[in-house]
Colleague: 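My questions will all concern the structure given below.
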Amino acid sequence: MTDIAKRTGTDAPDSSAPDADEPELEEALFDAPERGSADELLDAGAHSELDAMRHSTAHVMAEAVIELFPGTQLGIGPAIADGFYYDFKLDRPLTPADLAAIEERMAASVAADQPFVRRELPPEEGRAFFAERNQPFKVEILDDLAAKATADGTSMPPTTLYQHGPFEDLCKGPHVASTAKIGPFKLLAISGAYWRGDEKRPALQRIYGTVWQSQEDLDGYLWRRAEAKKRDHRRLGVALDLFSFHDVSPGSAFWHPKGQKIWRTLEAAMRELQDRRGYQEVSTPILVHKKLWEQSGHWANYDDNMFRVEVEDQTFSLKPMNCPESTYIYRSKLRSYRDFPIRYSEYGRLHRNERSGTLSGLTRVRQFIQDDAHVFVRPDQLTDEIGALLGEVREAYSWVGLTPRFAFATKPDKAIGDPALWERAEQLIKEAFAAADISYVVKPKDGTFYAPKIDIYIDDALGREWQMATIQADLVMLPERFDLTYVDEDGKQQRPIAIHRAIYGSLERFIGILVEHFAGAFPLWLAPVQAVVVPIADRHIDAARELAGVLRERGLRVEVDESSNRMQYKIRAAQEQKVPYMVVLGDREIEARTASPRTRAGEQQPAEAWETFADRLAAESRARGVA
RNA sequence: GCCGACAUAGCUCAGCGGUAGAGCAGCUGUUUCGUAAACAGCAGGUCCGCAGUUCGAAUCUGCGUGUCGGCUCCA
């Protein structure tokens, strides 16, 4: 789903010329076929030479699978980011050993240098072709296209097929000239996938593969995958003693002291920003009667995803969001047009009953805390306020060295409320973007059920894209459904606009992403332990404690390694814990009362007086940036 | 929730029908060392849980729980 935004990078659609190598890109962005449609199923994702090669590799893989497993029914096999997949209906589950055999067959097909040949059949012949070969999924695609043509009053286009060697498939193309043009490839994984993504339809087996122009590119990609695995926050979270998961509360993290330190540090930074920006922090109940969610519209949309609690014949739920409750504070008194903006922030614990199969480390959890806020403004203030919020996003992300990118998610099909209000909300967001001179991509129908939104993305150190912050302009849910009003200068009742915003998003997820982005080596200001003092021998321990005291006086987080290990071992231990600074203390340093810091990058810094060193670290930590 | 796989010491993993093993971490002792691993010893386990098959189950089967890779979903 984030693929579209990724492909277009930070450039606004209207400000960037299409890339010469990828002439179809802009078109692809805006004419992306509707999800699950027959058009989408035929769209092989081949929008560039590389994509064409990837899709061609999918054909070659299908050829191999059919040869090894006669009678296999084919789903679809598009190019995707970094590779391709193909879905198959097979008689038995595939195993990793099967992948090796398939790869071997594929290699033979590539070596045979078989040309890809396109041909067209009249629609009815095309349908018969796949019906005869017992390919019901292909027949279904063609039937859908025919139905669509009838509905549109157009004529059914001819069926296009691509053939290489013994294999011929329904396909819009394009393809590379021949199988010999296929670069180095590797099959990566087997997984399940439903036909057309619908869990009520047949379950197919999907094989993922990757293919590149050169061995170097393939190696680079495989390295990135291996590196991502090494950086996996679930692995590093254990190694760095940050958090853990236990089956007594699936989908919920247990925060260890060091992880909690990172959490508190992030939260403190955000609170400092919010105080500066005039936010007022509030706190609302976690256990709330279901009538609140009926009123907000959440019950209708997310009934199954809320944890229910029955109390004395009444149904309550653990709150999945903070927003509706903030309206009770808003309505606790009469509001004047002079009062705005009213900025309520809240770090409430939220619970969402995510389906068991979707849980994943810190990035997909059942309970979490957002740096949430609801800002109530007059309509004339919305543009300025959104501009200011975009500034908050940029500031907060600069603390961790990330550059935000922006997307505009518009009204979805399940939207509630007056369409005119939606139109207005979307218009106001566009104006805010223009006023802030910020470029963005549009994600049609990707808004929430109550508001269009600005979604903020980042690319991490491995080039992976993550959705982070969100800013939503709500003219419907809080204002209308909860009847929010204020008195204007003429004494008349007016509706405010409610902006929902979260900058880190969920703290759990944000920390998980940071762990992977930094590979556990947090910048000084965030590191749970900022420096380790390493006494060389036991006689240096007292001085080490004294130095630690000097550092702690300045608010720095310091440990002294008093173990009986050798200095080299202590350095290695600190290094593995990714501690930013190690300070070895021996006879020489103690006599001169100096510190010779070693950074975790392995750099030996010049000796300096204890106080100078402490002041330097404290200043670096306060500056809250990436070194 | 669905498809597939996996679950053995704190961590990483071996063992795969005959009563449980290694490395690292931990503890104890020796060592007091100059920028990424000193040496020795000790301790550590309802082999995820519950049933079943078997003379005998960590090992085979079923059910449950959790995790992983995907699908779907993500206010």
Side-chain angles (χ1 to χ4, degrees), chain A residues 1 35-36 85 87 90 92-96 188-208 229 232 234-235 238-239 241 244-251 293 296-306 319-324 350 352-361 363-365 370 372 412 414 416 446-451 453 467 470 472 474 477 500 502 505-506 509 534-541 563-576 582-589 596-600 602-605:
Chain A
M1 98 190 159
R35 202 173 164 70
Y85 68 79
D87 288 343
L90 292 156
R92 68 161 172 88
L94 291 166
T95 66
L188 299 172
I190 307 157
S191 71
Y194 300 106
W195 171 237
R196 302 179 93 158
D198 182 345
E199 64 188 29
K200 294 182 186 67
R201 307 297 306 270
L204 309 177
Q205 298 188 64
R206 175 171 298 177
I207 303 178
Y208 284 93
K229 202 173 172 188
D232 191 321
R234 291 166 297 194
R235 177 190 285 265
V238 174
D241 197 15
S244 54
F245 288 89
H246 304 279
D247 61 8
V248 290
S249 187
W293 311 112
S296 70
H298 287 92
W299 200 262
N301 278 290
Y302 296 104
D303 175 14
D304 291 343
N305 292 307
M306 284 192 238
K319 66 176 172 183
M321 305 199 76
N322 297 307
C323 46
L350 308 180
R352 296 180 184 177
N353 189 8
E354 307 289 0
R355 298 163 93 187
S356 57
T358 64
L359 301 176
S360 179
T363 48
R364 193 71 186 273
V365 289
Q370 290 178 328
D372 202 6
K414 61 180 177 180
I416 58 168
D446 208 34
T448 74
F449 73 87
Y450 55 81
K453 58 177 179 167
Q467 199 219 305
T470 185
Q472 308 167 352
D474 176 12
M477 195 244 294
H500 308 237
S506 115
R509 181 179 153 84
V534 176
I536 290 180
D538 285 354
R539 66 176 181 278
H540 306 125
I541 286 180
S563 71
S564 68
N565 293 302
R566 298 173 63 210
M567 175 206 64
Q568 287 89 333
Y569 184 94
K570 295 177 185 177
I571 287 173
R572 181 181 149 88
Q575 195 79 45
E576 285 185 335
M582 286 147 263
V583 191
V584 173
L585 222 50
D587 295 334
R588 295 204 297 264
E589 287 79 8
S596 358
R598 174 204 157 98
T599 68
R600 67 187 158 200
E603 181 202 357
Q604 190 63 52
Q605 299 185 329

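Remember, predicted model here, so these are calculated numbers, not experimental data. Note on naming: letters A, B, ... go to the chains in the order of the sequence lines (proteins, then strands), and numbering restarts at 1 for each one.
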Colleague: Taking OP1 and OP2 of B:G4, is either one under 4.0 Å from a side-chain nitrogen or oxygen of A:Tyr194?
Modeller: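 Checking A:Tyr194 against B:G4: no side-chain N or O falls below 4.0 Å of OP1 or OP2.
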
Colleague: For A:Gln604, check side chain to side chain contact (heavy atoms under 4.5 Å, CB included) against everything at least two apart and list the hits.
Modeller: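 Side chain to side chain contact (heavy atoms under 4.5 Å, CB included) list for A:Gln604, sorted by chain: A:Ser596, A:Arg598.
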
Colleague: When rounded to the nearest Å, what value does the distance between C1' atoms of B:A25 and B:U32 take?
Modeller: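 Roughly 22 Å separates the two C1' atoms.
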
Colleague: Strictly below 4.0 Å, N to O, side chains only: are A:Asp198 and A:Arg196 in salt-bridge contact?
Modeller: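 Salt bridge between A:Asp198 and A:Arg196, a charged N being under 4.0 Å from a carboxylate O: no.
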
Colleague: Base, sugar-phosphate or nothing for A:Thr448? Non-hydrogen atoms, less than 4.0 Å.
Modeller: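 Sugar-phosphate: the residue A:Thr448, judged by heavy atoms under 4.0 Å, touches backbone atoms but no base.
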
Colleague: Tell me which nucleotide among B:C3, B:C71, B:C73 gets nearest to the side chain of A:Ala203.
Modeller: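 Nucleotide nearest to A:Ala203's side chain: B:C3.
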
Colleague: At 4.0 Å (heavy atoms only), tell me whether A:Asn305 reaches a base, stays on the sugar-phosphate, or touches nothing.
Modeller: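 A:Asn305: base contact, heavy atoms under 4.0 Å.
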
Colleague: Kindly compute the distance separating NZ (A:Lys414) from OG1 (A:Thr448), expressed to the nearest 0.5 Å.
Modeller: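 A:Lys414 NZ to A:Thr448 OG1: 8.0 Å, rounded to 0.5 Å.
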
Colleague: A:Arg539: what forms a salt bridge (Lys or Arg N to Asp or Glu O under 4.0 Å) with it, not counting sequence neighbours?
Modeller: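 Expected list: A:Asp587.
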
Colleague: Which letter, B, S or -, goes with each nucleotide of nucleotides 35-48 of chain B from 5' to 3', with contact meaning a protein heavy atom under 4.0 Å?
Modeller: BBBB----------

Colleague: Quick check on RNA chain B: between A:Tyr450 and A:Arg235, whose nearest nucleotide comes earlier from the 5' end?
Modeller: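 Residue closer to the 5' terminus by nearest nucleotide: A:Arg235.
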
Colleague: Suppose we call a contact any N or O donor and acceptor under 3.5 Å apart; does that hold for the side chain of A:Arg352 and the base of B:C73?
Modeller: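 Answer no: no donor N or O sits under 3.5 Å from an acceptor.
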
Colleague: Mind checking the C1' distance from B:G17 to B:G4? Whole angstroms is fine.
Modeller: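 Rounded to whole Å, the distance is 27 Å.
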
Colleague: For the side chain of A:Arg234, counting heavy atoms from C-beta on, which of B:G69, B:A75, B:G4 is nearest?
Modeller: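 Output: B:G69.
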
Colleague: Please classify the nucleic acid contact of A:Gly447 as base, sugar-phosphate, or nothing, using heavy-atom distances under 4.0 Å.
Modeller: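 Answer is nothing: A:Gly447 stays at 4.0 Å or more from every strand.
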
Colleague: Considering every strand and a 4.0 Å limit on heavy-atom distances, what is the contact class for A:Lys414: base, sugar-phosphate, or nothing?
Modeller: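 The residue A:Lys414 makes sugar-phosphate contact but no base contact.
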
Colleague: Where the side chain of A:Ala537 is defined as all heavy atoms beyond and including C-beta, which of B:U32, B:G69, B:A75 is the nearest nucleotide?
Modeller: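 Among the listed nucleotides, the one closest to the side chain of A:Ala537 is B:U32.
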
Colleague: Identify, with sequence neighbours excluded, every residue that meets side chain to side chain donor-acceptor pair (under 3.5 Å) alongside A:Asn301.
Modeller: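 Result, side chain to side chain donor-acceptor pair (under 3.5 Å) vs A:Asn301: none returned.
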
Colleague: Please report the distance separating the P of B:C2 from the corresponding atom of B:A58, rounded so that it comes out in whole Å.
Modeller: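 Pairwise P distance, B:C2 against B:A58, rounds to 30 Å.
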
Colleague: Where do A:Thr358 and A:Arg364 come nearest, in terms of heavy atoms and distance?
Modeller: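 Scanning both residues completely, I find the closest heavy atoms to be O-CG, 3.1 Å.
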
Colleague: What integer distance in Å separates A:Asp198:CG from B:C3:C1'?
Modeller: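 Rounded to the whole Å, the gap is 14 Å.
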
Colleague: Hey, does A:Pro320 reach any base, or is it just sugar-phosphate, or nothing, if we go heavy atoms under 4.0 Å?
Modeller: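 The answer is base, as A:Pro320 lies within the cut-off (heavy atoms under 4.0 Å) of a base atom.
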
Colleague: Considering only the C1' atoms, how many Å lie between B:G18 and B:C60, rounded to the nearest integer?
Modeller: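 Looking at atom C1' only, B:G18 and B:C60 are 15 Å apart.
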
Colleague: Name all residues meeting the side chain to side chain contact (heavy atoms under 4.5 Å, CB included) criterion together with A:Asp372; count only those two or more places apart in sequence or in a different chain, and write none if there are none.
Modeller: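 A:Asp372: side chain to side chain contact (heavy atoms under 4.5 Å, CB included) contacts with A:Asn322, A:Gln370, A:His374.
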
Colleague: Work out how far the P atom of B:G26 is from that of B:A7, and round it to whole angstrom.
Modeller: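 My reading of the P atoms in B:G26 and B:A7 gives 27 Å.
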
Colleague: With heavy atoms under 4.0 Å as the rule, sort A:Arg539 into base, sugar-phosphate or nothing.
Modeller: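 Answer is sugar-phosphate: A:Arg539 comes under 4.0 Å of backbone atoms only.
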
Colleague: How far, in whole Å, is B:U28 from B:A43 if one measures between their C1' atoms?
Modeller: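 Taking atom C1' in both B:A43 and B:U28, they lie 10 Å apart.
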
Colleague: Is it the case that B:U32 (base atoms only) and A:Asp538 (side chain only) share a donor and an acceptor within less than 3.5 Å, ignoring hydrogens and angles?
Modeller: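 Yes, the side chain and the base share a sub-3.5 Å donor-acceptor pair.
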
Colleague: With rounding to the closest Å, how many angstrom separate the C1' atoms on B:C11 and B:C16?
Modeller: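 Going atom to atom, C1' in each nucleotide, I get 23 Å.
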
Colleague: Please give, in whole Å, the distance from B:C74 P to A:Leu359 CG?
Modeller: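 Rounded to the whole Å, the gap is 15 Å.
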
Colleague: Show the nearest heavy-atom pair for residues A:Lys453 and A:Asp446, with the distance to one decimal.
Modeller: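 For A:Lys453 versus A:Asp446, the nearest heavy atoms are CE-O, 3.3 Å.
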
Colleague: Would you indicate whether the side-chain heavy atoms of A:Lys319 and A:Trp293 approach each other to under 4.5 Å?
Modeller: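 Side-chain contact under 4.5 Å: yes.
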
Colleague: Have a look at A:Leu204 and say if it touches a base, only the backbone sugar-phosphate, or nothing, with a 4.0 Å heavy-atom cut-off.
Modeller: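 Nothing: the residue A:Leu204, judged by heavy atoms under 4.0 Å, touches no strand.
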
Colleague: With heavy atoms under 4.0 Å as the rule, sort A:Gly505 into base, sugar-phosphate or nothing.
Modeller: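 If one applies the 4.0 Å heavy-atom cut-off, A:Gly505 turns out to touch nothing in the nucleic acid.
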
Colleague: Does A:Thr358 have a side-chain nitrogen or oxygen under 4.0 Å from the phosphate oxygens OP1 or OP2 of B:C74?
Modeller: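 False: A:Thr358 side-chain N/O out of range (4.0 Å or more) of B:C74 OP1/OP2.
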
Colleague: Counting only side-chain heavy atoms from C-beta out, which of B:G69, B:G1, B:A75 sits nearest to A:Ser360?
Modeller: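 Nucleotide nearest to A:Ser360's side chain: B:G69.
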
Colleague: Under 4.0 Å between any heavy atoms, over every strand shown, what does A:Gln205 touch: base, sugar-phosphate, or nothing? Just pick one.
Modeller: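 If one applies the 4.0 Å heavy-atom cut-off, A:Gln205 turns out to touch nothing in the nucleic acid.
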
Colleague: Based on Watson-Crick and G-U pairs with both distances under 3.5 Å, what dot-bracket line describes RNA chain B 5' to 3', crossing pairs as [ ] and inter-strand pairs as |?
Modeller: (((((((..((((....[..)))).(((((.......))))).....(((((..]....))))))))))))....

Colleague: Who pairs with A:Asp241 by salt bridge (Lys or Arg N to Asp or Glu O under 4.0 Å), at least two apart in sequence or on another chain?
Modeller: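 With neighbours one apart ignored, the set is empty.
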
Colleague: Among residues at least two apart in sequence or on other chains, which ones pass salt bridge (Lys or Arg N to Asp or Glu O under 4.0 Å) with A:Arg235?
Modeller: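 A:Arg235 satisfies salt bridge (Lys or Arg N to Asp or Glu O under 4.0 Å) with no other residue.
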
Colleague: Please report the distance, rounded to the nearest Å, between CG in A:Asp232 and C1' in B:C68.
Modeller: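 My rounded result for the distance is 10 Å.
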
Colleague: Would you kindly give the CG-to-C1' distance between A:Leu94 and B:G70, to the nearest whole Å?
Modeller: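 Result: 13 Å.
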
Colleague: Could you check whether A:Phe245 gets within reach of a base, just the sugar-phosphate, or nothing at all, counting any heavy atom under 4.0 Å?
Modeller: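 Answer is nothing: A:Phe245 stays at 4.0 Å or more from every strand.
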
Colleague: Let me know the distance between CG of A:Leu585 and P of B:G34, rounded to the nearest Å.
Modeller: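 Rounded to the whole Å, the gap is 15 Å.
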
Colleague: List in chain and number order the residues that pass side chain to side chain contact (heavy atoms under 4.5 Å, CB included) with A:Ile541, two or more places apart in sequence or in another chain; answer none if no residue qualifies.
Modeller: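 Expected list: A:Pro535, A:Asp538, A:Arg545, A:Glu562.
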
Colleague: I'd like the C1' distance from B:G23 over to B:C6, given in whole Å.
Modeller: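 The answer is 22 Å between these two C1' atoms.
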
